[in-house]
Number of protein chains: 2
Amino acid sequence: MSEIKETSTNFANKTALADECPEAYASNIIGGQWTLVICSWLLSGKMRFGELRKKLPNITERMLTLQLRKLEEHKIISRTIYAEVPPRVEYELTPIGYALKPVIKALESWGEEHRDLLNNQL
Amino acid sequence: MSEIKETSTNFANKTALADECPEAYASNIIGGQWTLVICSWLLSGKMRFGELRKKLPNITERMLTLQLRKLEEHKIISRTIYAEVPPRVEYELTPIGYALKPVIKALESWGEEHRDLLNNQL
DNA sequence: CTCATTACTTACATTTTATATAGTACCTAA
DNA sequence: TTAGGTACTATATAAAATGTAAGTAATGAG
């Protein structure tokens, strides 16, 4: 995560590609390691930070925070803080976040198909 | 690209996620910088190495080679070498590669929707 | 006062991915 | 003999993503 250098060739290439190709644009946004899985869980309703952490056994708090921040930045999820102690923060998909559902479903079914294919070749 | 360390936590996390979630599995395979764009071009028919390079103005030959190799490894594209001089190599989607079409289309339309949304908010 | 809980934050280290630059083999045509 | 096209390979380096380990604030329970 960290910052991206807006002077790097990599940044220029990503930007140029995203300008032309909506699929590359989309992939830049949801292409992270945990992004899709988080969205996948949130498709079934809002969740707290701690709940998400439990659903993603290997994620570190740092990574979860970073991913959630990125998703929030891209308006895919919304964040609601309740002024309680101990704190409570809930995450929920926005409409454009829910609109990812067909994408996730398409990826899921392709993934299964691809895995079956490779397994049958052994 | 280079090699991935099979002893790293990152590798373990990716593997574990991919085992459970077909969408994460799929994302690992087609999540690269240029992967989807290459597939997108190949959806309209087989292409030579040099043709692909022209379609992707900023890609280096090395990156194109690496991406093509990775796609070939994952059985998404096939590679045909013609014993000519100068050499000719053609790349074509396999059936499972063509099966990416709905995924790409879903990503495209989500990407456009998302971009429109953000633009309208300015 | 001390501890526990929750949702973080920070500093740093490591791993993975991407780019830059130069070179190779092959034959052909001039 | 020399130049040229095609599809690469090798090596080095930069950048980005991910992981580790520790610490923070607020407050209510004991």
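Any value given below was found using the heavy atoms of this structure, including those in side chains, with hydrogens, waters and symmetry copies removed. In the text below, chain A, chain B and the rest are named by the order of the sequence lines, each starting its count at 1.
Between the C1' atom of D:dT9 and the CD atom of B:Gln67 lies a distance of 17 Å, rounded to the nearest Å. In this entry the distance linking CG of A:Leu66 with P of D:dT20 reads 14 Å, nearest Å. Rounded to a whole Å, the CG atom of B:Leu64 is 13 Å from the P atom of C:dA18. If you take CD of B:Glu61 and P of C:dT24, they are 15 Å apart, rounded to a whole angstrom. Computed from coordinates, the A:Tyr91 OH to C:dA7 P distance equals 8 Å when rounded to whole Å. In this structure, CD of A:Glu90 is placed 9 Å from P of C:dA7, rounded to the nearest angstrom. In this structure, A:Arg69 atom CZ and C:dT10 atom P are separated by 10 Å, rounded to whole Å. Whole-Å rounding puts the A:Met63 CE to D:dA16 P distance at 15 Å.
Rounding to the nearest 0.5 Å places SG of B:Cys21 at 12.0 Å from CG of A:Leu107. In this structure, CZ on A:Arg53 lies 9.5 Å from OG1 on A:Thr65, to the nearest 0.5 angstrom.
Taking every heavy atom of residues 40-59 of chain B and every atom of DNA chain C, no pair lies under 4.0 Å. Within residues 14-35 of chain B, no residue has a heavy atom under 4.0 Å from DNA chain D.
B:Thr35 places no side-chain N or O within 3.5 Å of a backbone atom of B:Gly31 that could act as its donor or acceptor partner. For the pair B:Trp110 (side chain) and A:Gly97 (backbone), a donor-acceptor distance under 3.5 Å is absent. A:His114 contributes a side-chain N or O that, together with a main-chain N or O of B:His74, makes up a donor-acceptor pair within less than 3.5 Å.
Looking only at side-chain heavy atoms (C-beta outward), B:Ile104 and B:Cys39 come within less than 4.5 Å of each other. At least one side-chain heavy atom of A:Lys75 sits less than 4.5 Å from a side-chain heavy atom of B:Leu118. Using a 4.5 Å cut-off on side-chain heavy atoms (C-beta onward), A:Leu68 and A:Phe49 make contact. Counting heavy atoms from C-beta on, the side chains of A:Ile29 and A:Ile76 come closer than 4.5 Å. Between A:Leu93 and A:Leu71, the closest side-chain pair of non-hydrogen atoms is not below 4.5 Å.
Here B:Tyr82 lies out of heavy-atom contact (under 4.0 Å) with every strand.
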Pairs: protein N or O with nucleotides 25-29 of chain D N or O, under 3.5 Å:
none

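B:Ile81 and B:Val85 sit in two unconnected hydrophobic clusters of ILVMFWY residues. Membership requires side-chain heavy atoms under 4.5 Å apart, directly or through other members.
Heavy-atom minimum distance, B:Ser27 versus A:Gly32: OG-O, 4.5 Å.
Residues in residues 98-112 of chain A take part in these salt bridge (charged side-chain N to carboxylate O under 4.0 Å, His left out) pairs, two or more places apart or across chains: A:Lys105-A:Glu108.
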If the sugar-phosphate is the primed atoms plus P, OP1 and OP2 and the base is the rest, what is the B/S/- string for nucleotides 10-15 of chain D, using protein heavy atoms under 4.0 Å?
BBB--S
Show me the donor-acceptor pairs, under 3.5 Å and distance only, between side chains in residues 8-19 of chain A and residues at least two apart or in other chains.
| from | atom 1 | to | atom 2 | distance (Å) |
| --- | --- | --- | --- | --- |
| A:Ser8 | OG | A:Lys5 | O | 3.0 |
| A:Ser8 | OG | A:Phe11 | N | 3.0 |
| A:Thr15 | OG1 | A:Phe11 | O | 2.6 |

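OP1 or OP2 of D:dC8 has at least one side-chain nitrogen or oxygen of B:Arg79 nearer than 4.0 Å.
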